[in-house]
Amino acid sequence: MHLVVIAVVPIVLLLGLGTVLRRRLVTDSGFWRGIEWMSYRVFTPALFVTSIAATDRAAASPVPLVASVPDQLSDPVSE
């Protein structure tokens, strides 16, 4: 239970902070479009890369990763 609280509370706090900022302090929609773009195009890939880089490869099996990669050799457009 303690681990769940430690994982969920920061997320809830960030969501609440974002809601307060959006409604009370920063109401410009252009600003939020830029933040959303940065979050999606910059921060999310950076999080993926750092998480993968920090993974102990000896303890993790590569089978699920390989199974999740789509087959890039087949022709995506079949006529």
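- Closest heavy-atom contact between T44 and S39: OG1-O, 2.8 Å.
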Using residues 15-24 as the side-chain source, report each donor-acceptor pair under 3.5 Å to any protein atom, sequence neighbours left out, with the distance given to one decimal.
{"from": "T19", "atom 1": "OG1", "to": "L15", "atom 2": "O", "distance (Å)": "2.9"}

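- Only one option out of V4, I6, I11 pairs with V8 in a side chain to side chain contact (heavy atoms under 4.5 Å, CB included); it is V4.
- With hydrogens and angles ignored, the 3.5 Å screen pairs a side-chain donor or acceptor of T50 with a backbone N or O of A46.
- With sequence neighbours excluded, no residue forms a side-chain contact (heavy atoms from CB on, under 4.5 Å) with V49.
- For the atom pair CZ (F48) and CZ (F43), the distance works out to 14.0 Å, reported to the nearest 0.5 Å.
- In this structure, the side chains of W32 and T27 stay at 4.5 Å or more apart for every pair of heavy atoms.
- Applying the side-chain contact (heavy atoms from CB on, under 4.5 Å) test to D56 and every residue at least two apart in sequence or in another chain returns A58, A59.
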